[in-house]
Number of protein chains: 2
Amino acid sequence: MYDTQFKQAVTTSDKTFFQLRYDIVEGKVLSGSKLSETELSTKYSVSRAVIREAISRLESCRLVERKANVGARVVDLSPDGLVELYQIRESLEGMAARLAAKNMTSEEITELNQLLESHADKVKKEGSYYQEAGDVDFHYRIILGSKNKQLISLLVDGIYHLVRMYRVQLGMSGPRITTAFDEHKHIVNAIQNRDEELAEMLMRRHIMYSKNNIANKLA
Amino acid sequence: MYDTQFKQAVTTSDKTFFQLRYDIVEGKVLSGSKLSETELSTKYSVSRAVIREAISRLESCRLVERKANVGARVVDLSPDGLVELYQIRESLEGMAARLAAKNMTSEEITELNQLLESHADKVKKEGSYYQEAGDVDFHYRIILGSKNKQLISLLVDGIYHLVRMYRVQLGMSGPRITTAFDEHKHIVNAIQNRDEELAEMLMRRHIMYSKNNIANKLA
DNA sequence: TAGGTCTAGATTGTCGACAATGATTCGAAT
DNA sequence: ATTCGAATCATTGTCGACAATCTAGACCTA
């Protein structure tokens, strides 16, 4: 997933942006720490111009905050910030589920079902938990299924990296994860029945549960 | 409203960004037209660096689209784009209304009521229609009332400029405008009663109506 | 000692020049 | 005449240097 974006990088600004974003999300650069332009330019062996470009893009993802004539800092994670983020997710992904119920092709829906089945098999055979990667895969399909370009960009390019940052830095995969599978199944059923109303409602509840689960760790 | 932001501008990049955004939203720069960096740098009498910075920020507002090694173009407006935009508005502003019902102080609510009253008076006395400015004022109060910083930034810094661009370039203020007042009133009532569910639902319907109204003109 | 001011250092903002990539035009060959 | 290719031109991407601003610490004063 990250690989695909790295390949899309044509300019060194792109590469630096992707690399820096990765480092921030994965916690290689601590949240709250200052991003010195000169320092980064030596570290990544590029000019300050491309660093500035990268930071500018990171700002539009809300991964860093910038003040004029002062500099940029990595956003710091807080319980309040998490709640705010999940309120937005609830709203936007709920709409995405509604639109997916309307706009996904039947082929896409069967593929989505196959995805869930393969996850279920994997859980049974390997005895492993329903991993975060599976959850992300699922949500991405729904989002793309909405066919709303702006919505897709908002979530995929913007919010999801911040979501992942919270997940990584709180250490994810709790016991609840298994129950998420059933919720996913119900959402797909609603989409399959073209029940927009229900699809939205179930997705919103799914995200609310997820929020409560992750919020407990932070508190 | 634009003035307040212009005053916040500390660096010439800020000023150029605000100016350029204004020119695009107001249609001084045609939608779909190319933004040549050298051309703009001479036009605004600044270096290409600040133009690039401004364009980069415009890109994060989704007012321009950029391709590597090719350049930036002002987004072109389309019926599909409008529908997508209003789906997002419906989702996010619905959530904003829900949160406003939860988080607005009683002082803020009374101020909101006063705002509506003053608009009503103005309509009666001057015989004027319920103008767009009034509508925007109202929606801003709700959005700010959500107290969700990310949501506020998403709407105020991002989406609303694109909304305004559509409004301006389609020539706004239709006959429906008057009925919007009643819808606003009902939303405030729901907020006053702390009825989150209803506030969200009414706001979503209000925006759907608004979409249908504006979409008719485009088709 | 607390507070304020001024200087020195470091950091960000802005600029012009060069390098690299994409577009266009002209020419040649079939 | 048309299509393919090469050279030229224009535009964007990258760089290092200079200017403007903020920050930290010393020094002075009450």
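The chains referred to below are lettered A, B, ... by the order of the sequence lines, with proteins before strands, and numbering in each begins at 1. Just the heavy atoms: all of them, side chains too, but no hydrogens, waters or symmetry mates, feed the values below.
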Query raised in the report: Has Thr12(B) got a side-chain N or O lying under 4.0 Å from the OP1 or OP2 atom of dT14(C)?
Result: yes
Query raised in the report: Hey, does the side chain of Thr11(A) come within less than 4.0 Å of dT12(D)'s phosphate (OP1/OP2), counting only N and O?
Result: no
Query raised in the report: In whole Å, what is the span from the CG atom of Asp14(B) to the P atom of dG13(C)?
Result: 9 Å
Requested in this report: For atom NZ of Lys34(B), decide whether the heavy atoms of other residues, nucleotides or ligands shown that lie under 6.0 angstrom number more than 12.
Outcome: yes
Query - Nucleotide dT21(D), atom P - distance to CG of Asn69(A) in whole Å - result: 7 Å
Query raised in the report: Could you state the OH-P distance from Tyr44(B) to dT14(C), rounded to the nearest angstrom?
Result: 16 Å
**Report entry** side-chain contact (heavy atoms from CB on, under 4.5 Å) evaluation trace for Arg73(B) with Leu35(B)
**Finding:** CA-CA 6 Å; Arg73(B) 307 192 80 87; Leu35(B) 293 179; over 6 Å; no
Query raised in the report: Where each residue is assigned the nucleotide of DNA chain D containing its nearest heavy atom, which of Ser13(A) and Val70(A) is assigned the position nearer the 5′ end?
Result: Ser13(A)
Query raised in the report: Is the charged tip of Arg89(B) near the ring of Tyr86(B): under 6.0 Å from the six-membered ring centre and within 45° of its axis?
Result: yes
Query - Verdict with supporting geometry, Asn113(A) and Glu117(A), side-chain hydrogen bond (donor to acceptor under 3.5 Å, both in side chains) - result: CA-CA 6 Å; Asn113(A) 264 314; Glu117(A) 294 302 329; over 6 Å; no
Query raised in the report: Does Lys34(B) make a side-chain N or O approach to OP1 or OP2 of dG22(C) shorter than 4.0 Å?
Result: no
Query raised in the report: Which is it for Arg204(B) and Glu90(B) under the salt bridge (Lys or Arg N to Asp or Glu O under 4.0 Å) test, yes or no, and what are the steps along the way?
Result: CA-CA 5 Å; Arg204(B) 288 182 68 154; Glu90(B) 180 187 328; 3.1 Å; yes
Query raised in the report: Rounded to the Å, how far apart are Arg66(B) CZ and dG22(C) C1'?
Result: 15 Å
Report task. Send over the distance from Glu39(A) CD to dT11(C) P, rounded to a whole Å. Result -> 8 Å
Query - Intermediate values then yes/no, salt bridge (Lys or Arg N to Asp or Glu O under 4.0 Å), Arg57(A) and Asp14(A) - result: CA-CA 10 Å; Arg57(A) 287 207 242 172; Asp14(A) 292 336; 2.5 Å; yes
Query raised in the report: To the nearest Å, how far apart are Lys15(A) NZ and dA20(C) C1'?
Result: 12 Å
Query raised in the report: Would you say dT23(D) has OP1 or OP2 under 4.0 Å from some side-chain N or O of Lys67(A)?
Result: no
Query raised in the report: Atom CD of Gln150(B) and atom CD1 of Ile88(A): how far apart are they, to the nearest 0.5 Å?
Result: 5.0 Å
Is there any protein nitrogen or oxygen under 3.5 Å from a nitrogen or oxygen in nucleotides 5-9 of chain D, and what are the pairs?
none

Query raised in the report: For DNA chain D, whose closest nucleotide is more 5', that of Ala72(B) or that of Ala68(A)?
Result: Ala72(B)
Report task. Ignoring hydrogens and angles, state whether a donor on the side chain of His184(B) or His119(B) is under 3.5 Å from an acceptor on the partner side chain. Result -> no
Report summary line: Atom CZ of Phe17(A) and atom C1' of dT14(D) are separated, to the nearest Å, by 18 Å
**Report entry** Any Ser47(A) side-chain N or O less than 4.0 Å from OP1/OP2 of dT14(D)
**Finding:** no
Query - Rounded distance in Å - CD (Glu37(A)) to P (dA17(D)) - result: 16 Å
Query raised in the report: Atom CZ of Arg205(A) and atom CD of Glu183(A): how far apart are they, to the nearest 0.5 Å?
Result: 8.5 Å
Query raised in the report: Is there a side-chain contact between Ile187(B) and Glu200(B) (heavy atoms, below 4.5 Å)?
Result: no
Requested in this report: Scan residues 48-61 of chain A against DNA chain D and write down, sorted by residue number, each residue with any heavy atom closer than 4.0 Å; if none is found, say none.
Outcome: Arg48(A), Ala49(A), Val50(A)
